[in-house]
Amino acid sequence: MGDEAELFDPQFLSRLRTLFFKLRKRRSLKKKGIQPTVSAGHTREFKDHRHYVPGDDFRQIDWRLFARHERMFIRIFEEIQEFHVHLLIDRSMSMAQPHSTKRLAALRLAIALAYLSLINQHRVSVLSMCEDTRREILPLKGQGHIHNLISHLASMKFAGVTDLENSFRQFRPGRDRRGIVFVISDLFGSSPALSESVIRESVSWPAETHVIHVLDPNEMQPDLEGEMELVDVETGEARRFWLTKREMHRYKIGFDSYVEDVERACMLRQVNYVKWSTGLPFEDLFLTLLSKGSALAGS
Amino acid sequence: MQWMNPGAAIWSLVFIAPVVLYLFRRKRRTIPVSTLNFFKMLAREHQETAWLRKLKRLLSFLLSVLVLAAALGALLQPVVSPSTGAVRSVVILLDRSASMSAVSPGGRTLFDEAVLRVRHKLAGLPSGVGVMLMTYDSRTEILQPRTYDRRQVERALQAISPRPVEGDPGAALLLADKLASLDAPAVIWHVTDDPPGRLPDFGPDQEAPAARRAAVEHVQVALDSPVNAGIVSFQIRKLPLERSRYEAFIQVACSAPEQRDVELEVRLDGALTAIRSLPVAPGERQSVLLPVSAAAADLLELAVRADGDVLPLDDRIVLRVPEVKPIKVVLASEAVDPFMELALCSLGGANDMDVYYAKPSDWPPRLSFDVAIFESWLPDSWPGDMSVILVNPPRSLGPVNVVPVETGGLPVDSIRSADESHPLLYGVATARAAVTQTAVLEADGALEPLWVGPMGPLLSAGEIHGQKVTVMAFSPKVSERLPLTASFPLMIGNALYWSVQSGDDAARRSCRKTGSLVETGGSSVTWTLPGGQPSRPAALKGRWLELDRLGLWRTDTGEHGAAALLSLRETLLPSLPPASETRADVSAETALVRGDLAPLLLLALVAVLVLESWLFHRHSVY
């Protein structure tokens, strides 16, 4: 279905090597990885000293410094984390038709995020959602799996009707797989209000959630006028309209209001929201995503 | 319904276009979209059901066909005429006589109402029917020859106004029928205030084939119960043997539901001189003789007033008191009878009469006379240019046939009067008269016997070819009692005044009926309406002046006179029948669909286009 070449951009991916993920707040992760954090951990990598305050683990007191300065310091070691990066990709028909740029953008974004995770020794889970949530590939770790991932994503079928409610409800990352969830979707469900309500489901996920709203410019402001029959690519439902400039203006107002509602719902639930327009350059958007999103950090 | 432009039916071929478009309609564009959610929010749309879709398509097709049908119908120019049927021409005969100036309580005249009715009927007339507009009062006038251009008819209608002239519908109808038969089948719309029963027995040309006779549709415009009082007859004459004394004969009529008191005012040079109250019954005439003490050329005004009077045209008469010239009488006789001479002398005392005496040898006279009296003598030829009084004619002459009595006369003591009311016998005591009949007068002919004796008429009078002739078959000289009584000079005076009372005397010329023609030698005329200032002089065409206004007139050559309506027919205003055919006609004329349907179809076309636009563009119905 897809072409791996259009998904794989080695130059862009190589620029991602200097980047890494950073969680917004410390979480107790069971598995340790290579990702240093701001928190003190229990690794052997010494990081710094600081004054002892009551309540600190007295086992971390550096008695040699006590002997020299007669003041108590504790040793701080770097904490190296390993966490899961869950990529939840919308594979409904609306992501591939009629604007195939959405599919391409979603897959490239997934590969970029997956690559960034793999090179930072995070585990990557790729799931797809449509009527339900389906695991596309077993969790991967290590950058050697990137080609395997690309080929798998390139062959992923985009079809079916989006059931956001069911898909979000079915996605339950285990406690041992805490980390970051990237939802890459156009969020087109059975109704616009549903998109806003399903954001509520993400609160129960044991991870930081990022919603990347993939939209095509023609969806945000369609260039339609005259008599036509519009067919929903997912449901096959057809409706006939006589569209005028006035109708298109009203459409844009309604769509912008929908996007704003979704963004507001995300902010209320501390879910990062990014509107991803396929009409804009991919790299610029991705870097903006990294710099804007509080969960991502540069080198 | 008729099609005025059936050739436009060729445009029905355009119906092929919507049918083809309907049958082979282009499939609409199908555009896939990611979701319909936001489009559904745009506008209320219809359910996507098959039957509704078909219905919409059919509606679209029918609207298109309807638009084309309306356009085609407008091109065909259909007309619906509920009243004319299949006529080719219409002759509008509009009454513009004085009675049409009657004012309704709403302030509109009957003539205005008549014009409105004509316009209304014209609106329902097919454009293919020719229209001729005629109007009439005392004379009939063709204002617009037959035309198909309604604007010309409208312009002609706007140019008409009622005239203070008596109407003559009989002649107008006859002429209208003649003209209508030229373009049969035709119909005459006779718009008048007269009810059909009051109109003269109009018999369409009996010689014409029935198919060529025009149907007459009477359209009556009248008031419900009009009240009108007016002067219907007037005459002023100088009293014989009286100085500055006139006598005015006035006849007043009234049309009202009940008897009315009509006030009659007489003014002389603006000063009120007499006032009378006359009870006038509806439809009746009330006569009054009023003595008027006036000099010649005084301005005499007569006016009648009645409550609720709706027609002012017949309320006033204004005239100059006529200047009466003395009667010029010539008495031709071999030997003048002293009784005759005495009677004539007594009559000429008031400067009313100039008497000349002529011998048989002087006949014919070089002067012109009004009356010639031949006493016991007759000229060789009958004088045809003057009135004639024959006294004791010795032989027959002209129209008078007599046989002299050989025995010198037959005394007649008991005279039978055949007509006591004749003007010749005014004041004459017939019962006390005794004459000697000297000639036997033939009873037949145009002369009317007034006194009859044993041997036939003693006194006869009559008008022969416009010439008044009086024959006395007796001799005053040998009669026993008559010359000695006052009856003889009275009878002579009556005969003289009766003889000169022709239609052309000065008194009668003083006030004429409107509509009359007056021969004048002037080139312009100036009218002075009652109570108004003299109008600007109007040029006269020809020698004849038509008296078509009320008031005083004067030509540049000094001829003058007055004109008044003086028409019983116009004064007695008819009332509208309670349940008339006219009102039925009105309901028929106010039918919704009538007349030229082209504008209606164009209106329907625009309405359908607007509906289609509204449905298709506002509600996305297609």
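Since the structure is predicted, the reported quantities are computational estimates derived from the model, not experimental observations.
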Audit row: B:Lys40, A:Arg239, side-chain contact (heavy atoms from CB on, under 4.5 Å) steps and yes/no: CA-CA 9 Å; B:Lys40 288 177 183 175; A:Arg239 292 286 179 104; 4.2 Å; yes
Ring pair (Phe, Tyr, Trp, His ring centres under 6.0 Å) partners of A:Trp276, counting only residues at least two apart: A:Phe282
Going by residue number, which parts of residues 183-190 of chain A are within reach of chain B, meaning a heavy-atom gap below 4.5 Å? A:Phe188, A:Gly189, A:Ser190
Most contacts with chain B, counted as non-hydrogen pairs under 4.5 angstrom, among A:Gly236, A:Gly254, A:Ser92, A:Ser191: A:Ser191
Proximity breakdown for A:Ile253 and chain B, heavy-atom pairs closer than 4.5 Å: neither
Looking only at heavy atoms and a cut-off of under 4.5 Å, which of A:Glu234, A:Met248, A:Glu237 has the most pairs with chain B? A:Glu237
Suppose we screen for side chain to side chain contact (heavy atoms under 4.5 Å, CB included). Which residues come up paired with A:Ser100, at least two apart in sequence or across chains? none
For the OG1 atom of B:Thr35 and the CE atom of A:Met93, what is their distance to the nearest 0.5 Å? 14.0 Å
How long is the gap from CZ on B:Phe39 to CZ on A:Phe241, to the nearest 0.5 Å? 7.5 Å
Determine whether more than 12 heavy atoms belonging to other residues, nucleotides or ligands lie under 6.0 Å from atom CG of B:Leu13. yes
Would you sort out whether A:Leu230 and B:Leu36 count as a side-chain contact (heavy atoms from CB on, under 4.5 Å), showing the intermediate values? CA-CA 7 Å; A:Leu230 302 181; B:Leu36 283 175; 3.6 Å; yes
Which value, rounded to the nearest 0.5 Å, describes the distance between A:Leu224 atom CG and B:Ile31 atom CD1? 5.0 Å
So, using side chain to side chain donor-acceptor pair (under 3.5 Å) as the criterion, who are the partners of A:Tyr251 when residues are at least two apart? none
Would you compute the distance between atom CG of A:Asp216 and atom OG of B:Ser34 and round it to the nearest 0.5 angstrom? 7.0 Å
Can you confirm whether more than 12 heavy atoms, excluding those of A:Asp284, are under 6.0 Å from its CG atom? yes
